[in-house]
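Numbers for residues simply follow the sequence, beginning at 1. Everything numeric in this text was worked out from a predicted model, so none of it was measured.
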Amino acid sequence: MGGIRRWRDKMGRTKTILGEKVREALASVLPITGIVLVLCLTAAPLPVDILLAFLAGAVLLILGMGFFTLGADTAMTPIGEQVGSHMANSRKVWVIVAVSFLIGVVVTVSEPDLQVLATQVPGIPGGVLVGAVAAGVGAFLVVALLRILFQIPLQWLLIGSYAVVLVLAAFFVPREFLAVAFDSGGVTTGPMTVPFIMALGLGVSSIRSDENAAQDSFGLVALCSVGPILAVLALALIYPASGAYVPSPMPSAADSRELGGLFFAALPEYAVEVLKSLFPIAAFFAVFQVVALRLKRKKVLKILIGLLYTYIGLALFLTGVNVGFLPAGTYLGRQIAALPFNWILIPIGMLMGWFIVQAEPAVHVLNKQVEEITSGAIPGSAMSASLSIGVAVSIGLAMVRVLTGISIFAFLAPGYLIAVALSFFVPKIFTSIAFDSGGVASGPMTATFLLPFAMGACEALGGSIVTDAFGVVAMVAMTPLLTIQLLGLVYQWKLKRAKLAEAAEDEEVIELPY
């Protein structure tokens with residue numbers, strides 16, 4: 001009886017936590033759903049089947065995010081921390097290099113967004129692209145972990161890496177590859193990769209006892225975002241640009257049964273895709289558990305249940321965004337771009353960007369870890385507001401590109417140069433968090449709604465989808481670097497004012513009557 005009671009109590013706690021996660025997801029998804037509803041009832045009417053598919057997709061999105069965030073807390077984060085801590089405790093550099101490179105390759109190949117991008121790049125075989133990008137992430141994950149152990153300043157690594165990226169992009173790589181190359185840096189740091197890599201950094205930094213250990217745990221996502229960009233730029237020197245991206249056809253359903261059939265047909269497909277994505281991570285954990293970790297059975301069971309939650313969440317999430325959100329985004333972009341006052345794309349895109357970043361699963365993981373590591377000094381609300389501002393600006397600039405055809409390099413080059421310059425003036429932790437935020441903000445919601453929105457608009461305007469619409473993910477990844485570091489300047493200014501006020505109070509001499 002006691003065992004049954006404990007099982008019931010545990011299930012009750014799980015349901016409570018899952019309910020909290022679903023409510024958080026509901027609060028994140030409702031705003032963008034409301035914006036789409038307002039647009040489709042006013043300036044950009046949607047066909048009824050696409051609208052109903054969008055609403056059904058929103059429901060799956062909310063459920064998927066709830067299960068995913070619960071799974072990230074109970075499986076992905078503990079696995080990353082355990083593996084990172086064990087690697088660092090071995091004190092063997094070759095072990096850290098070999099295992100971290102393998103981890104980087106495994107989690108990158110597991111990233112669903114990369115598989116989607118690989119089918120859209122003209123001229124490069126999908127398998128070659130995935131392999132090169134995975135190797136790039138693995139190599140830079142090695143660099144990132146060694147940086148933590150040897151306490152190498154992050155800003156110098158970022159300066160060197162982005163200097164190489166900008167030189168290659170400016171002088172050697174065809175224009176057709178620029179947007180896709182920078183997009184690849186965003187899609188590889190998605191819902192599968194971010195929780196694992198960030199937890200890995202926490203595990204490695206945990207063996208250090210100095211005051212900067214926790215701060216240095218950030219920055220892994222930032223460096224791992226550079227590897228894919230360099231990989232695609234290098235491939236662009238080998239493979240000539242050829243072909244063109246062809247947008248997916250709009251789904252249609254004559255009645256509710258056909259509409260349901262769209263989702264029931266897609267769910268098994270994405271369930272298999274997520275299973276393939278999660279299997280390498282589960283297999284890696286199983287081997288590491290047998291060879292090195294040897295965790296207790298209760299802890300292993302908890303991680304396995306967490307992986308199941310992650311699997312359910314990602315399958316529902318990807319089904320919802322691909323069947324419901326992607327067609328709606330493409331159709332809305334076409335409708336709004338066809339209006340006589342198509343400049344309205346810019347404010348509408350900014351409004352969407354403000355809210356859609358809150359629906360990114362990995363953003364919640366980052367906000368939570370930042371608040372915990374800084375003991376509340378950087379609250380999650382301030383992070384959310386800064387990310388929303390950054391993404392809103394980036395989508396506005398992306399719509400300017402769609403309307404005008406301006407090269408993405410004209411925005412990215414000065415943006416990254418300003419971001420690197422700011423790193424010399426803000427507290428180090430803000431630089432690390434800022435560059436991590438860029439990769440985190442550009443997740444599946446950006447790739448499956450905002451990118452199709454830009455593609456639809458570009459198609460209606462007669463522009464080049466490869467050069468003008470692609471790059472939305474890259475823009476979303478760039479602007480948080482600026483807004484989060486500006487938040488750091490404000491934080492630093494407030495801290496100095498508080499210290500000056502405290503010093504002034506200490507200097508005051510109060511004469512007491514006798």
Q: Give the C-alpha distance, both sets of side-chain angles, the deciding distance and a yes or no for side-chain contact (heavy atoms from CB on, under 4.5 Å) between Ile433 and Gln485.
A: CA-CA 8 Å; Ile433 293 171; Gln485 289 195 99; over 6 Å; no

Q.
Is there a side-chain contact (heavy atoms from CB on, under 4.5 Å) between Leu237 and Val173? Walk through the geometry before answering.
A. CA-CA 6 Å; Leu237 301 176; Val173 174; 4.2 Å; yes

**Q.** Residue pair Ile395, Val476: steps toward the side-chain contact (heavy atoms from CB on, under 4.5 Å) verdict
**A.** CA-CA 7 Å; Ile395 300 303; Val476 169; 3.5 Å; yes

Q.
One pair to check against side-chain contact (heavy atoms from CB on, under 4.5 Å): Met475 and Val400. What are the steps and the verdict?
A. CA-CA 12 Å; Met475 295 294 292; Val400 170; over 6 Å; no

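Tested against Thr108 for a side chain to side chain contact (heavy atoms under 4.5 Å, CB included), the candidates Leu141, Val130, Val137 yield a single pass: Val137.
Atom CG in Leu326 sits 12.0 Å away from atom CZ in Phe54 (nearest 0.5 Å). With values rounded to the nearest 0.5 angstrom, Ile389 atom CD1 is found 12.0 Å from Ser394 atom OG. Taking OH from Tyr311 and CG from Leu278, the interatomic distance works out to 8.5 Å, rounded to the nearest 0.5 Å. Taking CZ of Phe411 as the start and CD1 of Ile408 as the end, the distance is 9.0 Å to the nearest 0.5 Å. Asn322 CG to Glu273 CD: the interatomic distance, rounded to the nearest 0.5 Å, is 7.5 Å.
A donor-acceptor contact shorter than 3.5 Å links the side chain of Ser184 to the backbone of Ala181. Counting only distance, with no hydrogens or angles, the side chain of Arg401 and the backbone of Val472 share no donor-acceptor pair below 3.5 Å. Judged purely by atom type and a 3.5 angstrom limit, Ser388 has no side-chain atom pairing as donor or acceptor with the backbone of Ala385. Under a 3.5 Å cut-off, the side chain of Glu459 and the backbone N or O of Thr330 do not form any donor-acceptor pair. A distance-only check finds a donor-acceptor pair linking the side chain of Thr483 to the backbone of Ser386 [under 3.5 Å].
For Phe101 and Trp94, the ring centers sit 6.0 Å or farther from each other. Separation of the Phe68 and Tyr309 ring centroids does not fall under the 6.0 Å cut-off.
For the pair Val426 and Leu487, the minimum side-chain heavy-atom distance is 4.5 Å or more. Between Phe172 and Leu233, the closest side-chain pair of non-hydrogen atoms is not below 4.5 Å. Between Ile148 and Leu220 the shortest side-chain heavy-atom distance falls below 4.5 Å. By the 4.5 Å heavy-atom criterion applied to side chains, Val29 and Phe355 are not counted as neighbours.
Summarising the geometry of Gly405 relative to Asp468, their closest heavy-atom pair is CA-OD1, 3.7 Å, with the distance given to 0.1 Å.
Other residues, nucleotides and ligands contribute at most 12 non-hydrogen atoms within 6.0 Å of the CZ atom of Phe171.
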